[in-house]
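Proteins get letters first, then strands, A, B, ... in listed order; numbering begins at 1 in each.
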Amino acid sequence: MTRLVRIEWLKLRTMRVGFGVLATSAALTTLFASLEASRAGSNGQNAVAPLFTASGLSTVTTVTGWSMILAAVLGVIVTSGEYRHYTATLTYLATPDRRRVLAAKTLTAAGAGAVFGLVSGLIATAVGLIFVAAHGYHVALGTGTLVAHVAGAVVGAAIFGAIGAGIGALFRSQLAGVIGVFVWALVIESIIGGLFTSVRPYLPYTAATTLAGIKLGGAAFGPAHDVAGGGPLPFAAAAALLIGVAALLEAIASRTTVRQDVT
Amino acid sequence: MAVIEIHDLTKRFGALTAIDHLSFEVEGGSVVGFLGPNGAGKTTTLRTLLGLVAPAQGSAKICGRLYQELPDPLHRVGAVLEASSPYPGRTARNHLRVQALAGQMPDSRIEEVLDLVDLIPAADRRVGEFSLGMRQRLGLATALLCDPEILILDEPANGLDPEGVRWLRDLLRGLADEGRTVLVSSHILAEVAQTVDSVIILDRGHLVTHDTLDELTARVQHKLRIRTPQAEQLQRLLIAQGATALVVTPDRLEVTRSSAERVGLLAAEHAIPIFETTTDGVGLEDVFFQLTEAAESKENAR
């Protein structure tokens with residue numbers, strides 16, 4: 001398995017698209033963290049608390065949701081790209097055991113996702129601290145909390161990378177997989193989370209963002225953003241839920257991948 | 001000893017039967033042409049042999065095992081298949097690095113195969129910038145990377161210019177001389193005729209024939225062209241003898257299912273002057289078309 005993961009990692013390192021998705025994740029994190037920091041302390045709808053408060057600063061340092069979505073996108077690319085570019089034949093000629101190939105791809109996507117989460121977490125933290133320093137505020141969050149937020153982003157993005165790999169293997173269509181990830185995370189979860197606050201903590205993207213310290217619903221778009229009600233799952237429960245989702249997708253994708261012809 | 005064994009292989013895609021109870025064997029150390037018109041089932045057969053497509057019935061084995069069961073498959077079998085490609089955004093060298101890692105081959109081997117297929121100058125270019133011919137060469141480099149004893153090549157001449165076809169022919173001859181088993185598919189017999197020991201001809205998923213080239217040529221009727229002032233009289237006599245004769249112009253006949261000797265004796269017996277007799281050499285392509293058309297007629301008659 002180690003060799004298979006090394007192969008997949010080498011494939012990923014020699015594809016420009018992986019670096020492009022990482023750069024997109026970093027750029028979006030920088031943009032949204034800066035926007036949140038700029039409007040911190042202002043009044044109005046969806047106001048952000050001032051940066052000298054723990055709530056205000058954490059709103060900025062936890063803008064890591066994009067890294068999770070884009071980690072899933074990368075996961076989709078890692079698996080579905082084999083079919084899009086007709087490279088699956090070469091992959092399965094080298095390693096006919098398709099389950100092991102999928103497992104290696106999932107681990108690789110998870111590893112790449114962890115990098116996405118780390119980069120995003122560090123950027124968001126840096127943006128928050130730069131704005132705090134620029135205003136001459138004291139840092140309202142302890143080092144432990146900041147590190148926990150970054151670690152949560154790493155865990156959340158890693159699992160989302162694995163989930164993306166499962167989605168890509170299941171659907172084989174890169175376009176459908178990528179669109180599906182965005183629509184699920186940005187539209188469907190926002191709608192369901194807004195309508196049924198009791199199920200909100202169990203929604204995968206929402207659960208992943210709460211791992212990184214984002215308040216429940218804080219990463220939702222539209223009317224569902226900041227809808228009150230309910231609390232996040234404990235870290236371990238949220239992580240277990242997400243790993244369960246990834247494992248379920250992997251199991252289903254594994255069955256379909258073994259059965260389907262590579263033509 | 002047979003290294004490739006196809007036994008009663010059947011594959012259906014929905015209502016379409018791509019391969020229909022196909023059986024044949026390929027002996028070790030031989031170079032075999034795998035021929036048939038487009039849609040004959042060649043690629044499906046090869047993909048089934050390589051474990052990429054699951055058969056509905058029968059089996060396709062290499063060295064007595066399914067491809068999936070081969071230890072170190074890249075060291076046993078090298079394959080170039082249609083509709084498979086290296087990732088277009090990766091350089092040729094990086095593509096081979098991935099394959100070398102999969103086959104546990106040293107990086108020095110990458111340079112060797114790049115040199116073998118004349119791709120060293122383009123090794124650091126992205127595959128997406130390659131011409132079809134260059135991709136075919138890279139495919140061959142990939143197949144040869146782990147020095148396999150069996151090569152399965154699906155339409156390797158596609159996209160090659162005449163010089164490239166000659167290069168491929170020389171390469172296949174070289175591989176055959178090294179004692180490797182090569183199964184090379186094509187829809188053009190002439191592409192492989194100078195290289196192969198025998199041919200397997202497929203049509204609509206059925207085996208049409210598995211022969212050496214000499215046996216194949218001998219099975220097909222030659223055509224005689226005869227110039228005589230009494231064409232119609234000679235035609236009647238030949239038909240009475242069981243030959244097929246067609247008057248193409250008032251003084252010219254085309255005859256099959258006979259021979260120059262028999263026609264000459266018959267004409268002498270009836271005092272019919274013959275001014276010219278020529279025998280058309282039957283090209284390999286004619287053989288191929290006659291066999292596949294005969295198979296098609298038989299299929300339609302069912």
Side-chain angles (χ1 to χ4, degrees), chain A residues 1-23 74 76-105 107-108 168-169 172 174 254-263, chain B residues 11-13 18 43-44 46-56 65-104 126-128 135 138-139 142-143 145-146 148 152 154:
Chain A
M1 182 53 75
T2 308
R3 184 161 55 89
L4 291 183
V5 173
R6 281 178 62 210
I7 292 168
E8 292 304 325
W9 196 251
L10 178 59
K11 283 184 186 177
L12 194 56
R13 284 197 296 115
T14 52
M15 290 163 71
R16 280 183 295 189
V17 67
F19 296 101
V21 180
L22 176 61
L74 187 75
V76 168
I77 291 170
V78 164
T79 44
S80 66
E82 294 272 10
Y83 299 99
R84 183 178 180 209
H85 298 291
Y86 302 100
T87 55
T89 294
L90 288 170
T91 299
Y92 295 138
L93 285 178
T95 312
D97 187 338
R98 300 183 196 177
R99 288 179 202 275
R100 294 184 70 218
V101 171
L102 180 57
K105 285 183 176 297
L107 288 173
T108 304
R172 287 192 175 192
Q174 195 162 300
S254 204
R255 283 178 70 88
T256 58
T257 302
V258 168
R259 285 179 180 178
Q260 285 175 332
D261 290 335
V262 180
T263 54
Chain B
K11 176 65 186 176
R12 296 184 193 92
F13 294 106
T43 298
T44 303
L46 298 183
R47 284 189 172 267
T48 309
L49 181 61
L50 294 166
L52 299 165
V53 165
R65 295 181 179 194
L66 296 176
Y67 183 85
Q68 303 87 294
E69 296 168 352
L70 288 174
D72 300 323
L74 291 182
H75 291 261
R76 306 298 296 275
V77 184
V80 178
L81 293 178
E82 276 200 311
S84 72
S85 172
Y87 177 69
R90 198 171 283 133
T91 66
R93 183 174 273 112
N94 278 337
H95 160 69
L96 291 171
R97 281 176 65 206
V98 170
Q99 294 296 315
L101 184 56
Q104 295 176 286
R126 294 182 195 285
V127 177
R135 284 185 203 210
L138 182 58
T142 309
L145 187 66
C146 296
I152 294 174
D154 190 10

Review point. Does any heavy atom of chain B fall under 4.5 Å from the side chain of A:Thr87, the backbone, both, or neither of them?
Key: both
Residue part contacting chain A, namely of [X], when any heavy atom lies under 4.5 Å:
X: B:Arg97; answer: both
X: B:Gln99; answer: side chain
X: B:Thr91; answer: neither

Study note, to complete from the structure: Applying side chain to side chain donor-acceptor pair (under 3.5 Å) to A:Gln260 and not counting sequence neighbours gives A:Arg172
Exercise for review: Not counting sequence neighbours, which residues clear side chain to side chain donor-acceptor pair (under 3.5 Å) with A:Thr108? List them please.
Suggested key: none
Point to revise | Counterpart residues, side-chain contact (heavy atoms from CB on, under 4.5 Å), relative to B:Leu52 (two or more places apart) | key: A:Thr89, A:Tyr92, A:Leu93, A:Val262, B:Arg47, B:Leu50, B:Leu81
Check your understanding: So which of A:Leu90, A:Ile7, A:Thr91 actually passes side chain to side chain contact (heavy atoms under 4.5 Å, CB included) with B:Val98?
Key -> A:Ile7
Exercise for review: Check whether any side-chain heavy atom of B:Tyr87 sits under 4.5 Å from a side-chain heavy atom of A:Lys11, and report yes or no.
Suggested key: no
Exercise for review: Among A:Arg259, A:Arg98, A:Glu82, single out the residue with the greatest number of heavy-atom pairs under 4.5 Å to chain B.
Suggested key: A:Arg98
Review point. About how many Å separate NZ of B:Lys11 and OG1 of A:Thr263, when rounded to the nearest 0.5 Å?
Key: 9.0 Å
Exercise for review: Enter the distance from B:Arg90:CZ to A:Leu10:CG here, rounded to the nearest 0.5 Å.
Suggested key: 7.0 Å
Practice item. Give the C-alpha distance, both sets of side-chain angles, the deciding distance and a yes or no for side-chain contact (heavy atoms from CB on, under 4.5 Å) between A:Arg16 and B:Arg126. Key: CA-CA 11 Å; A:Arg16 280 183 295 189; B:Arg126 294 182 195 285; 3.3 Å; yes
**Study point:** Part of residues 71-79 of chain B lying next to chain A, heavy-atom separation under 4.5 Å
**Key:** B:Pro73, B:Leu74, B:Ala79
Check your understanding: Distance-only, no hydrogens or angles: does the A:Asp261 side chain make a donor-acceptor pair with backbone N or O of B:Ala54 under 3.5 Å?
Key -> yes
Practice item. Taking all non-hydrogen atoms of both residues into account, name the closest pair between B:Ala102 and A:Arg3 and its distance. Key: O-NH1, 2.6 Å
